[in-house]
Amino acid sequence: MTTDRLSDVTSGTDTTAPGADSTDEVDYASSRDTTEGRIYHVSGGDWDDVLSDAEHDERMVINMGPQHPSTHGVLRLVLELEGETVTQLRSVIGYLHTGIEKNTEYRTWTQGVTFVTRMDYLSPLFNELGYCLAVEKLLGVEAPKRAQLIRVLLCEINRIGSHLVYIATGGMELGATTAMTLGFREREEVLHLLEYLTGLRMNHAFIRPGGVAQDLPTDAHAKISEFVKVMDQRLPLYDKLFTGQPIWRNRLKGVGYLPVDACLALGVTGPVLRSAGLPWDLRKVEPYSSYDEFEFDVPTATEADCWARYLCRVEEMHQSLRIIKQALERLKEPGPVMVEDKKIAWPAQLSISSDGMGNSLEHVRKIMGQSMESLIHHFKLVTEGFKVPPGQVYSPVESPRGELGFHVVSDGGTRPWRVHVREPSFVNLQSMPAMSEGGLVADVIAAVASIDPVMGGVDR
């Protein structure tokens, strides 16, 4: 009969001979394997049967970033999903690659500061400090006391600014747009102050091997005191707006859980480690730049989630203000800000002139009109740089994101033989799968924000 070759119009089932036997395995879709998983091409067929066969078996692979605002435009997260649950997560980096470590091999030791300051661009002064401490360790010199205090002062101001960006961007990514406006309002106070003290808002190149580029302006004490006063008034606002806010608290509590044993296994440091209960802070356990002379606490928590990391960073800003106040008192005593060895100290006798830059008139007068030897020395110091004894060192500092370490190798020349950086954002990103797998897609956003990675440091 002709009806044997037709489909059953009541059920839509193929009743022809080839389609009648439902025991045969049917390929519903052609597929091909890619680096991101298996991709299927489906056309036609009975969708009810296709979906029932694929249930609890096939998962969806999606990209979050690199253009996604929650990944700051330069981080790609490859998510494997089953429904809204993340079953696998992989971080893909390299979108902001700069080759800074390699570039330092082609510049003098002092010029290297201008490269490393651009790695973690939210905390440039920590990059400069770690690098310069490594160079000074190779040279066998120590920066003068006043220079050490200025370094501590600038870094703690910078730490506050970095944590403010964490609150601002993390809040915005979770829908708290007010966090963005408030966080960047306070960060402007930080950048205005840093610009006044160093000459630049970011990428300062102010900390140099042997000390700092110049002394603080004459009225720096008043400016910094005013900044501390403003921050003391405004920081409680964050507790009022976020800490006591049930939506913010419920959005972060229990999300991105990473206990202390997982932190240690993955090499995680900084606020993420301290939020799991381990008070590991290099300013305390391995003091540098006279941090051992300051009184401050290391905030910790035991919840090991996004909520605990938020609380730790807010408290760290209060502790930074404590350190700034103590540094201000000690900076009342004058002193040199660069080592006395003229073969290392560069730029020599720098002072701010009417145009905001340049050497002091006395120094220019000497090298240009009075001493040919001084001119030759200045020229060679600027163009060739100073020689550093051969050897290798590792010098870590406590950046806002964790242990920032510089492994520097010298072959005895005027340029580094090798500079390799142990960047905390890069290491901490390893914790993303542990934090996110098994959770919801929406919680991936909170987990990324709680790590607070800066991709300039990751892709250095």
Side-chain angles (χ1 to χ4, degrees), residues 122-123 126 152-171 174 176 179 182-187 189-190 227-246 248-260 263 268-285 287 291-292 294-328 397-404 424 428 446-447 449-452:
L122 291 184
S123 53
F126 293 89
V152 169
L153 176 77
L154 294 174
C155 282
E156 294 309 317
I157 295 172
N158 199 176
R159 191 185 306 276
I160 294 173
S162 179
H163 284 344
L164 286 169
V165 175
Y166 151 75
I167 294 177
T169 56
L174 294 174
L182 286 184
F184 275 90
R185 180 189 69 176
E186 266 67 82
R187 183 171 181 251
E189 299 286 346
V190 171
F227 167 78
V228 171
K229 182 180 178 182
V230 169
M231 293 307 297
D232 276 334
Q233 292 174 345
R234 292 185 180 177
L235 278 185
L237 180 63
Y238 290 88
D239 285 322
K240 187 176 182 181
L241 189 62
F242 300 112
T243 311
Q245 220 262 26
W248 178 258
R249 185 172 61 248
N250 295 337
R251 189 66 185 83
L252 299 182
K253 274 196 171 182
V255 173
Y257 179 71
L258 193 73
V260 67
C263 290
V268 172
T269 54
V272 181
L273 175 61
R274 293 190 285 273
S275 72
L278 187 63
W280 182 265
D281 189 316
L282 292 170
R283 296 173 295 173
K284 287 283 191 182
V285 295
Y291 264 111
D292 53 332
F294 289 85
E295 291 184 9
F296 64 98
D297 300 320
V298 179
T300 59
T302 55
E303 290 83 0
D305 57 6
C306 295
W307 173 249
R309 288 163 213 145
Y310 159 76
L311 292 178
C312 283
R313 288 189 176 99
V314 171
E315 182 55 32
E316 279 185 19
M317 289 193 283
H318 288 284
Q319 297 302 321
S320 291
L321 287 176
R322 281 182 65 187
I323 297 173
I324 292 169
K325 293 173 186 176
Q326 295 172 56
L328 267 183
V397 297
E398 185 68 36
S399 91
R401 270 152 283 282
E403 180 178 333
L404 171 64
N428 291 356
S450 72
I451 295 175
D452 189 28

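Quick caveat: nothing in here was measured; it's all calculated off a predicted structure.
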*Asks:* Do you know the tightest heavy-atom contact between Arg251 and Ala446?
*Replies:* NH1-CB, 4.4 Å
*Asks:* Kindly indicate whether the side chain of Val314, heavy atoms from C-beta on, has any atom under 4.5 Å from the side chain of Leu235.
*Replies:* no
*Asks:* Show your reasoning for whether side-chain contact (heavy atoms from CB on, under 4.5 Å) applies to Leu282 and Val397.
*Replies:* CA-CA 6 Å; Leu282 292 170; Val397 297; 5.7 Å; no
*Asks:* Got more than 12 heavy atoms from elsewhere within 6.0 Å of CH2, Trp280?
*Replies:*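 It does not: Trp280 CH2 has 12 such atoms or fewer within range.
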*Asks:* Do the side chains of Leu328 and Lys325 get nearer than 4.5 Å, heavy atoms only?
*Replies:* no
*Asks:* To the nearest 0.5 angstrom, please state how far the NE2 atom of His163 sits from the OG atom of Ser123.
*Replies:*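 Reported value, rounded in 0.5 Å steps: 9.5 Å.
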*Asks:* Nearest 0.5 Å, what's the CG-OG1 distance between Leu164 and Thr169?
*Replies:* 10.5 Å
*Asks:* Atom CG in Leu154, atom CD1 in Ile324: separation rounded to 0.5 Å?
*Replies:*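 Leu154 CG to Ile324 CD1: 9.5 Å, rounded to 0.5 Å.
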*Asks:* Would you mind checking if Arg313 and Glu316 are paired as a salt bridge, meaning a charged N to carboxylate O distance below 4.0 Å?
*Replies:*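 Arg313 and Glu316: not salt-bridged.
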*Asks:* Hey, does the Lys NZ or Arg CZ of Lys284 hover above the aromatic six-ring of Phe296, less than 6.0 Å from the centre and inside 45° of the axis?
*Replies:*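 Yes; both conditions hold, so Lys284 lies above the ring face of Phe296.
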*Asks:* To the nearest 0.5 angstrom, please state how far the CD atom of Glu156 sits from the CD1 atom of Ile323.
*Replies:*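 Those atoms lie 4.0 Å apart.
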*Asks:* Among Gln326, Gln319, His318, which residue satisfies the side chain to side chain donor-acceptor pair (under 3.5 Å) criterion with Arg322?
*Replies:* Gln319
*Asks:* Taking side chain as C-beta onward, heavy atoms only, is Arg159 less than 4.5 Å from Pro400?
*Replies:* yes
*Asks:* Using a 3.5 Å distance criterion without hydrogens, assess whether the side chain of Arg309 forms a donor-acceptor pair with backbone atoms of Asp452.
*Replies:*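 No; zero donor-acceptor contacts below 3.5 Å.
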*Asks:* Which heavy atom in Val190 sits nearest to a heavy atom in Ile157, and how many Å separate them?
*Replies:* CG1-O, 3.5 Å
*Asks:* Please round to the nearest 0.5 Å and tell me the distance separating atom CZ of Phe242 and atom CG of Leu174.
*Replies:*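 With rounding to 0.5 Å, CZ (Phe242) is 10.0 Å from CG (Leu174).
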*Asks:* Could you grab the distance from atom SG of Cys306 to atom CG of Leu311, nearest 0.5 Å is fine?
*Replies:* 11.5 Å
*Asks:* Taking the side chain as everything from C-beta on, heavy atoms only, tell me whether Val255 gets closer than 4.5 Å to Asp305.
*Replies:*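 The answer is no; the side chains never approach within 4.5 Å.
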*Asks:* Any side-chain donor paired with an acceptor under 3.5 Å for Tyr310 and Ser275?
*Replies:* no
*Asks:* Less than 4.5 Å apart, side chain to side chain, heavy atoms only: is that true for Arg249 and Pro246?
*Replies:* yes
*Asks:* Would you tell me whether Tyr238 and Glu186 have side-chain atoms, one donor and one acceptor, within less than 3.5 Å of each other?
*Replies:*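 Glu186 and Tyr238 do have a side-chain donor-acceptor pair below 3.5 Å.
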*Asks:* I'd like to check Glu398 versus Val298 (side-chain heavy atoms, cut-off strictly below 4.5 Å). Are they in contact?
*Replies:*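 With C-beta onward as the side chain, the pair stays apart.
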*Asks:* Taking the side chain as C-beta and beyond, is there a heavy-atom pair between Arg401 and Leu122 under 4.5 Å?
*Replies:* yes
*Asks:* How close do Cys155 and Tyr291 get, heavy atom to heavy atom, and via which atoms?
*Replies:* CB-OH, 4.1 Å
*Asks:* Would you say that Arg187 contacts Phe184 through its side chain, given a criterion of any heavy-atom pair below 4.5 Å between the two side chains?
*Replies:* yes
*Asks:* Identify the two heavy atoms, one from Pro259 and one from Ala276, that lie closest to each other, and give their separation to 0.1 Å.
*Replies:*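 Heavy-atom minimum between the residues: C-CB, 4.0 Å.
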